[in-house]
Amino acid sequence: MSNTNDLIAAVNVYFEAIHECDVEKLNAVFHETSSLFDADEGKIFVEPIDSFSKDVAGRTSPASVGQALEAEILMVDYLSPISATVKIRIRAHKNVFLDHLGFVKTENGWKIVSKIWHLERTLD
């Protein structure tokens, strides 16, 4: 059970990092060589974590404008005791995203090694 609790705690750090645009939390939960992927525009977009961190640092955080944290875990799938995929939904301003987060348990805890995201919808 501790393994699951630790993984859920890492997912919660991710939720907070996105909601607060907190690069320190973001860098704490992502592996330093991770990449992020999106194919919503019909071609694959790949972004290394360093670039994503800079992007997040320049955003207005949902928390700073009074938006409540809206995020949920939809699925946890363990590939092994030290690797898992977590499907989540998170809102940032008017955008609602679905993410698949690939986690690996390292000596420093669970780290995101890949993220594939999809813009599920935009709210009015």
Side-chain angles (χ1 to χ4, degrees):
M1 193 59 145
S2 174
N3 211 27
T4 298
N5 291 342
D6 293 345
L7 178 59
I8 299 305
V11 173
N12 284 324
V13 170
Y14 172 78
F15 287 158
E16 292 168 5
I18 297 299
H19 183 68
E20 300 164 7
C21 292
D22 185 324
V23 175
E24 188 173 311
K25 288 181 181 177
L26 196 70
N27 291 334
V29 75
F30 273 88
H31 189 274
E32 64 271 6
T33 62
S34 62
S35 293
L36 299 86
F37 303 86
D38 170 48
D40 284 341
E41 299 295 319
K43 62 180 185 176
I44 297 174
F45 171 76
V46 181
E47 184 174 29
I49 187 58
D50 289 341
S51 175
F52 182 64
S53 292
K54 289 175 187 165
D55 178 47
V56 169
R59 296 178 184 173
T60 300
S61 74
S64 71
V65 296
Q67 182 181 15
L69 175 59
E70 295 179 42
E72 61 183 323
I73 296 171
L74 302 172
M75 177 198 75
V76 176
D77 183 19
Y78 284 93
L79 298 126
S80 75
I82 60 167
S83 59
T85 300
V86 180
K87 181 178 181 180
I88 61 105
R89 178 178 288 121
I90 188 166
R91 179 178 172 193
H93 301 289
K94 293 184 177 188
N95 295 321
V96 179
F97 295 95
L98 287 174
D99 295 352
H100 278 223
L101 305 173
F103 279 89
V104 173
K105 189 169 187 179
T106 71
E107 61 277 355
N108 296 317
W110 287 97
K111 300 291 180 183
I112 299 169
V113 294
S114 66
K115 170 182 166 176
I116 303 172
W117 82 91
H118 167 68
L119 177 60
E120 181 180 46
R121 67 183 181 278
T122 302
L123 304 172
D124 296 323

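Heads up: numbering here begins at 1 and tracks the sequence. Computation of the quantities below employed the complete heavy-atom set of this structure, encompassing side-chain atoms and omitting hydrogens, waters and symmetry-equivalent molecules.
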Under the side-chain hydrogen bond (donor to acceptor under 3.5 Å, both in side chains) rule, collect the residues that match up with [X], sequence neighbours excluded.
| X | value |
| --- | --- |
| H31 | T33 |
| Q67 | none |
| S64 | S61 |
| T122 | N95 |

query = With D99, which residues qualify under salt bridge (Lys or Arg N to Asp or Glu O under 4.0 Å), at least two apart?
reply =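 For D99 the salt bridge (Lys or Arg N to Asp or Glu O under 4.0 Å) partners, ignoring immediate neighbours, are K115.
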
key: Heavy-atom donor-acceptor pair, H19 side chain to I90 backbone, under 3.5 Å   =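 No; zero donor-acceptor contacts below 3.5 Å.
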
Any chance you could measure [X], atom [atom1], to [Y], atom [atom2], to the nearest 0.5 Å?
| X | Y | atom1 | atom2 | value |
| --- | --- | --- | --- | --- |
| K111 | F30 | NZ | CZ | 11.0 Å |
| Y14 | L26 | OH | CG | 8.0 Å |
| L98 | W117 | CG | CH2 | 13.5 Å |
| W110 | L7 | CH2 | CG | 5.5 Å |
| S34 | I112 | OG | CD1 | 7.5 Å |

inquiry  = Let me check something: do L101 and Y78 share a hydrophobic cluster, defined by ILVMFWY side-chain heavy atoms less than 4.5 Å apart, either directly or through other members?
reply    =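 Yes, L101 and Y78 fall within the same hydrophobic cluster.
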
request  = Starting from V113, walk the hydrophobic network (Ile, Leu, Val, Met, Phe, Trp, Tyr; side-chain heavy atoms closer than 4.5 Å) and list everyone else you reach, by chain and number.
outcome  =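 In the cluster with V113 are V104.
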
Which donor-acceptor pairs under 3.5 Å do the side chains of residues 37-46 make with protein atoms, sequence neighbours left out?
residue, atom, partner, partner atom, Å
D38, OD1, D40, N, 3.1
D40, OD1, H118, ND1, 2.6
D40, OD2, L119, N, 2.8

Sequence-distant partners of [X], side chain to side chain contact (heavy atoms under 4.5 Å, CB included), two or more places apart:
| X | answer |
| --- | --- |
| I82 | S80, K105 |
| I73 | I8, V11, F15, V76, V86, I88 |
| D77 | M75 |

Salt bridge (Lys or Arg N to Asp or Glu O under 4.0 Å) pairs, two or more places apart, involving residues 46-57 =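 For residues 46-57: D55-R59.
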
inquiry  = Please list all pairs meeting salt bridge (Lys or Arg N to Asp or Glu O under 4.0 Å) that have one or both residues in residues 7-27, counting only residues at least two apart or in different chains.
reply    =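 Non-adjacent pairs meeting salt bridge (Lys or Arg N to Asp or Glu O under 4.0 Å): E16-K25, E20-K25.
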
query = Nearest heavy-atom pair of A92 and P62: which atoms, and what distance?
reply =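 Taking every non-hydrogen atom into account, CA-CG, 3.9 Å.
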
query = What is the minimum heavy-atom distance between A10 and V29, and which atoms define it?
reply =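 Here A10 and V29 meet closest at O-CG2, 3.3 Å.
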
key: Student check: side-chain heavy atoms of R121 and L123 closer than 4.5 Å   =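 In short, these two side chains touch, coming nearer than 4.5 Å.
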
task = Report the C-alpha distance between F97 and I18 in whole Å, list the side-chain angles of each, state the deciding distance to 0.1 Å, and finish with yes or no for side chain to side chain contact (heavy atoms under 4.5 Å, CB included).
result = CA-CA 11 Å; F97 295 95; I18 297 299; over 6 Å; no

